[in-house]
Amino acid sequence: MTSLRGLYAITDTPLLAGGKLLPYAEAALIGGARLLQYRDKSGDAVRRFDEAQALAELCRRHGATLIINDDLELAARLGVGLHLGQTDGSLAAARARLGSEAVIGGTCHAQLELAERAVAEGASYIAFGRFFNSNTKPGAPAATVELLDQARTRFAQPIVAIGGVTLETAPGLIARGASMIAVIHALFAADSALEVQDRARAFAALFD
Ligand SMILES: Cc1ncc(COP(=O)(O)OP(=O)(O)O)c(N)n1
Ligand SMILES: Cc1nc(C(=O)O)sc1CCOP(=O)(O)O
Ligand SMILES: [Mg+2]
């Protein structure tokens, strides 16, 4: 059973261009990331399959869980988890396809009603955000920390907080009920894999 608590690292193809994807992802896993999301917005099916397969192997080696963003077919081919946003298809269909053990997450922005629906459709976790200014997705709808108080009392499912999360802002989110913090820029915008590893270790330690 996958533990849905801790650092949730999300890759970003432009940020990790130039051969950084695998070494930086592995550094995040060595540092303690429990979930790793492959987030690639290109339509390059061959590269996407190859990269996702390599990430699946890394996650297997480090005892972490791979989540594919947006793409149910790719997740099904690899037998890994999936994250779907509001326009990415049905969570219920994904659950039916991937089975009861798969980790499947849903974007809920800042709306408890969306979380209600995601849970009803079988989501393993519910993701709220963006909590802060995000380098990666500046236009994402904004959420407040008060939302976490309400979500925590209303849902048994693990809560993911995303959007501009840093080492400085993460503790406040965890204290308000986030089981996982999902991070791109503050983890992967680094000069070396070693720096990613150090950052991941620091994020992971917030959950000790
Ligand atoms: C953990 C997590 N939470 C939210 C998102 C955002 O999903 P979505 O709204 O579908 O946006 P894109 O990531 O597809 O641009 C996420 N990917 N992961
Ligand atoms: C992919 C994504 N989804 C968001 C949401 O609010 O749903 S914010 C976001 C980007 C997260 O990256 P960073 O840690 O660099 O801000
Ligand atoms: Mg999406």
Side-chain angles (χ1 to χ4, degrees), residues 2 4-17 20 24-25 28 33-43 48 52 55 59 64-75 80-91 93-94 102-112 114-115 117-119 121 123-145 147-148 151 155 157-170 172-174 178-190 196 199-200 202-203 206:
T2 309
L4 297 179
R5 181 173 166 77
L7 173 62
Y8 185 168
I10 303 183
T11 70
D12 177 80
T13 300
L15 187 61
L16 299 179
K20 292 180 185 165
Y24 277 36
R34 306 308 307 140
L35 264 65
L36 177 71
Q37 183 183 127
Y38 178 54
R39 181 172 179 272
D40 172 85
K41 293 292 183 177
S42 81
R48 284 168 58 74
L55 292 174
C59 284
T65 298
L66 180 66
I67 306 290
I68 302 292
N69 187 45
D70 291 345
D71 190 340
L72 171 59
E73 291 312 311
L74 182 54
V80 299
L82 178 71
H83 183 93
L84 293 180
Q86 288 300 314
T87 58
D88 298 328
S90 153
L91 283 167
V103 177
I104 302 176
T107 296
C108 305
H109 299 302
Q111 298 178 48
L112 297 173
L114 295 180
R117 194 185 313 155
V119 168
E121 291 192 22
S124 316
Y125 68 76
I126 44 182
F128 295 102
R130 75 183 151 83
F131 285 96
F132 306 100
N133 293 331
S134 169
N135 280 289
T136 310
K137 203 161 179 180
T144 64
V145 288
L147 178 78
L148 289 175
F155 302 104
Q157 284 70 17
I159 293 169
V160 175
I162 189 169
V165 181
T166 64
L167 274 169
E168 288 68 40
T169 58
L173 300 173
I174 296 164
S179 308
M180 286 174 283
I181 45 163
V183 189
I184 300 178
H185 198 268
L187 179 63
F188 287 124
V196 173
R199 291 183 189 186
F203 275 114
L206 298 174

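Order of listing sets the numbers, starting from 1, for every ligand and every atom in it.
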**OP:** Considering the heavy atoms of Ala140, write down every atom of ligand 2 situated less than 4.0 Å from one of them.
**Re:** 5 (C), 6 (O)
**OP:** Provide, to 0.1 Å, the distance between atom 3 (N) of ligand 2 and the closest protein heavy atom, together with that atom's residue and name.
**Re:** Ile162 CD1, 3.7 Å
Original post:
Has ligand 1 got any nitrogen or oxygen that is less than 3.5 angstrom from a nitrogen or oxygen of Thr107?
Top reply: yes
Original post:
Relative to the heavy atoms of Gly164, which atoms of ligand 2 are at a distance of less than 4.0 Å?
Top reply: 13 (P), 14 (O), 16 (O)
Original post:
With a 4.0 Å cut-off on heavy atoms, does Gln86 reach ligand 1?
Top reply: no
Original post:
Which protein non-hydrogen atom lies closest to atom 13 (O) of ligand 1, naming both residue and atom, and how far is it?
Top reply: Arg39 NE, 2.7 Å
**OP:** Determine yes or no for a side-chain-to-main-chain donor-acceptor pair under 3.5 angstrom, with Gln37 supplying the side chain and Tyr8 the backbone.
**Re:** no
Original post:
For the Mg ion (ligand 3), which N, O or S atom of Asp70 is at the shortest distance?
Top reply: OD1
**OP:** Could you tell me whether a side-chain N or O of Ser124 sits under 3.5 Å from a main-chain N or O of Ile104, the two making a donor and an acceptor?
**Re:** yes
**OP:** Can you pull out the closest protein heavy atom to atom 10 (O) of ligand 1? Residue, atom name and distance to 0.1 Å, please.
**Re:** Asp88 OD2, 2.8 Å
Subject >> Atoms of ligand 2, numbered as shown, that sit under 4.0 Å from any heavy atom of Gly129 >> reply: 6 (O)
**OP:** Return the option from Ala127, Ala161, Gly163, Ala110 holding the heavy atom at the smallest distance from atom 8 (S) of ligand 2.
**Re:** Gly163
Original post:
His185 and Ser134: side-chain donor and acceptor closer than 3.5 Å?
Top reply: no
**OP:** If the plane angle is over 60° it's perpendicular, under 30° parallel, otherwise tilted; pick one for Phe188 and Tyr24.
**Re:** parallel
**OP:** Pick out which of Leu206, Val160, Ile162, Val145 makes a side chain to side chain contact (heavy atoms under 4.5 Å, CB included) with Leu173.
**Re:** Val145
**OP:** Please report which non-hydrogen protein atom sits nearest to atom 18 (N) of ligand 1, along with the residue it belongs to and the distance in Å to one decimal place.
**Re:** Gln37 NE2, 3.1 Å
Original post:
Going by heavy atoms, is Lys41 under 4.0 Å from ligand 1?
Top reply: yes
**OP:** For the Mg ion (ligand 3), find the closest N/O/S atom on Asp88 and give its atom name.
**Re:** OD2
Original post:
Who's the nearest protein heavy-atom neighbour of atom 10 (C) of ligand 2, and how far?
Top reply: Ser134 OG, 3.6 Å
**OP:** Could you tell me the residue and atom name of the protein heavy atom closest to atom 11 (O) of ligand 1, and the distance to it rounded to 0.1 Å?
**Re:** Lys137 NZ, 2.7 Å
**OP:** Count the heavy atoms of every other residue, nucleotide or ligand shown that sit under 6.0 Å from CZ of Arg48, and state whether that count exceeds 12.
**Re:** yes
Original post:
Counting heavy atoms only, which part of Thr87 comes closer than 4.0 Å to ligand 1: side chain, backbone, both or neither?
Top reply: neither
**OP:** Say whether Ala186 and ligand 2 are in contact under the criterion: heavy-atom distance to a ligand atom below 4.0 Å.
**Re:** no
**OP:** Around atom 1 (C) of ligand 1, find the nearest protein heavy atom and jot down its residue, atom name and distance.
**Re:** Tyr8 CE1, 3.6 Å
**OP:** Can you pull out the closest protein heavy atom to atom 15 (O) of ligand 2? Residue, atom name and distance to 0.1 Å, please.
**Re:** Thr136 OG1, 2.4 Å
Original post:
So which protein heavy atom does atom 14 (O) of ligand 2 come closest to, and at what separation?
Top reply: Ile184 N, 3.0 Å
**OP:** For atom 1 (C) of ligand 2, grab the closest protein heavy atom and report residue, atom and distance to one decimal in Å.
**Re:** Arg39 NE, 3.5 Å
Subject >> Arg130 side-chain N/O to Ala140 backbone N/O, donor-acceptor pair under 3.5 Å >> reply: yes
Original post:
With only distance considered, is Asp70 within less than 3.5 Å of ligand 1 through an N or O on each side?
Top reply: yes
**OP:** Specify the protein heavy atom at minimum distance from atom 2 (C) of ligand 1: its residue, its atom name, and the distance to 0.1 Å.
**Re:** His83 CE1, 3.3 Å
